[in-house]
Amino acid sequence: MTFTLVALGISTIVVGAADVEGLNSARVPVSDRSDAEFDRGVSRALEIVIVKLTGNSASPQSGSGRAVVKQAKRLVQQFGYEQQGIGVASANELVLRVEFDARVLGEEMRSNRLALWGKERPETLVWLVLDDANGRNILEANDPHEIMRVMKDRARVRGIPIAFPVADIADTIALPDELSSVALANAAYLNSGKSGVQSTLVGHIRQVAPSLWESEWSLVVAGELIVWEQQGDIVELMVEESSDNLANELGHRYRDANQNPSDVVAVTVHGLRSVADYARTERYLSTIDSVTSLLVRQVDESAIIFDLAVKGGFASLVQSISFGQTLAPDPTDLGVFRLIPR
């Protein structure tokens, strides 16, 4: 696999984002309900959670990661067992569901110098172009193809929000068979710009022989282009690996801001027309991961001024706000925002 990194002069309007839920929980298969299998399952569940929280698939195998995993049983908040599937073939597969104490786990990870990636994460618009015996197709959001299920499942496991073009958009984009992967990526990026997402992934998957697949992937995020290629006999494994590549790249770019010391920044929010607006604004700012404390300095009829202690300072705060759809920055006045009506 080869990676190419190129700086791009791309301007994007940020609207696609999500607060990811379930970052501190995982489900793992176990063979039975014995103590030995419970211990193994809890450790494996914590490894999955550490990957989600750091955005780095290698974190559990690091010295710091192994030190945290050793504390797995102490960090469990609740657990339960489920039967996986409803068919006869899968009815006997037992799954252990584990949720870890977010506060205690966070403290343990920070004490072992593992960088945490917050719940505010950019949504990635994914274009999957498939060339197989049926011709060339864009796989839209509700396509039943197996590689769509694989990518959605892997994104959920890694804690990254993804979206796919809806049917009416995918069907109106003409992609002649002779277009190269680069031309496909350019066509997808032009259409992605209309949606204003901050991260776009284009995957061109080709079946070159009955048992041989090739793929080229282009990820645009934070003004950079990352490209990689794959070849293999199982297309689902290729898609799963590329989903991990996506998560690793996003984690690398966004997780470090929350690790810096806190700075106090002043934020003014306009467009408040009711008590509910004031409460909504204060509640939203207090839930941003990088905000460690919040103080209301001044309130008037249409605005409120906050003093916020923010890990990573103002740049980190603006990045987190840009992932959401609650506040919009004033383009002419730094530190001033407007509440977006619901």
Side-chain angles (χ1 to χ4, degrees), residues 6-20 117-125 161 163 169 186 188-201 219-225 249-250 253-258 260-342:
V6 184
L8 294 182
I10 294 179
S11 174
T12 56
I13 302 172
V14 181
V15 297
D19 280 3
V20 180
W117 187 15
K119 66 180 182 298
E120 299 110 2
R121 303 186 175 190
E123 186 173 51
T124 298
L125 180 59
I169 294 177
N186 288 335
Y189 295 140
L190 287 173
N191 283 276
S192 298
K194 301 172 185 177
S195 64
V197 295
Q198 192 170 24
S199 173
T200 303
L201 176 67
L219 170 65
V220 173
V221 58
E224 294 178 330
L225 171 65
E249 291 293 340
L250 294 177
R253 278 157 178 74
Y254 292 116
R255 69 172 174 264
D256 292 333
N258 287 348
N260 298 326
S262 295
D263 290 333
V264 176
V265 299
V267 170
T268 301
V269 181
H270 290 288
L272 309 179
R273 295 180 173 84
S274 66
V275 173
D277 285 346
Y278 285 92
R280 177 186 168 209
T281 302
E282 184 171 357
R283 183 169 59 251
Y284 168 70
L285 289 173
S286 67
T287 60
I288 294 177
D289 285 313
S290 58
V291 174
T292 58
S293 68
L294 176 151
L295 178 66
V296 177
R297 184 203 301 178
Q298 181 180 327
V299 179
D300 61 32
E301 293 181 355
S302 63
I304 185 170
I305 300 176
F306 297 94
D307 287 326
L308 305 176
V310 185
K311 292 181 180 178
F314 185 72
S316 174
L317 179 67
V318 171
Q319 176 179 283
S320 294
I321 290 175
S322 74
F323 292 159
Q325 300 184 45
T326 302
L327 300 179
D330 187 314
T332 63
D333 198 345
L334 195 66
V336 176
F337 297 83
R338 180 165 295 277
L339 182 66
I340 300 173
R342 284 177 171 171

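As the structure is a computational prediction, the values presented were derived from the model and not from experiment.
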Hey, what do you get for [atom1] ([X]) to [atom2] ([Y]), rounding to the nearest 0.5 Å?
{"X": "Leu317", "Y": "Ser290", "atom1": "CG", "atom2": "OG", "value": "5.5 Å"}
{"X": "Ile321", "Y": "Ile288", "atom1": "CD1", "atom2": "CD1", "value": "4.5 Å"}
{"X": "Thr281", "Y": "Leu272", "atom1": "OG1", "atom2": "CG", "value": "4.5 Å"}
{"X": "Asp307", "Y": "Gln298", "atom1": "CG", "atom2": "CD", "value": "10.5 Å"}
{"X": "Ser316", "Y": "Tyr254", "atom1": "OG", "atom2": "OH", "value": "12.0 Å"}

Practice prompt. Show the numbers, then the answer: is there a side-chain contact (heavy atoms from CB on, under 4.5 Å) between Arg297 and Leu295?
Written response: CA-CA 6 Å; Arg297 184 203 301 178; Leu295 178 66; 5.8 Å; no
Heavy-atom check, side chain of [X] versus side chain of [Y], under 4.5 Å:
{"X": "Thr124", "Y": "Thr200", "result": "no"}
{"X": "Arg253", "Y": "Glu224", "result": "yes"}
{"X": "Ile340", "Y": "Leu327", "result": "no"}
{"X": "Asp330", "Y": "Arg338", "result": "no"}
{"X": "Phe306", "Y": "Val296", "result": "yes"}

Item to complete: Test Val310 against every option in Leu285, Leu294, Val265 by the side chain to side chain contact (heavy atoms under 4.5 Å, CB included) rule and name the one that passes.
Response: Val265
Item to complete: Report the residues that fulfil side chain to side chain contact (heavy atoms under 4.5 Å, CB included) with Val318, sequence neighbours left out, ordered by chain and then residue number.
Response: Phe314, Phe337
Discussion item. side-chain contact (heavy atoms from CB on, under 4.5 Å), that's the test. Do Thr326 and Leu339 meet it? Break it down for me.
Written reply: CA-CA 6 Å; Thr326 302; Leu339 182 66; 3.9 Å; yes
Item to complete: Give the intermediate values and the outcome of side-chain contact (heavy atoms from CB on, under 4.5 Å) for residues Leu250 and Arg121.
Response: CA-CA 8 Å; Leu250 294 177; Arg121 303 186 175 190; over 6 Å; no
Worksheet entry | Summary of salt bridge (Lys or Arg N to Asp or Glu O under 4.0 Å) pairs that have at least one residue in residues 268-286, sequence neighbours excluded | none
Practice prompt. Taking Lys119 for its side chain and Thr287 for its backbone only, find out whether a donor-acceptor pair lies under 3.5 Å.
Written response: yes
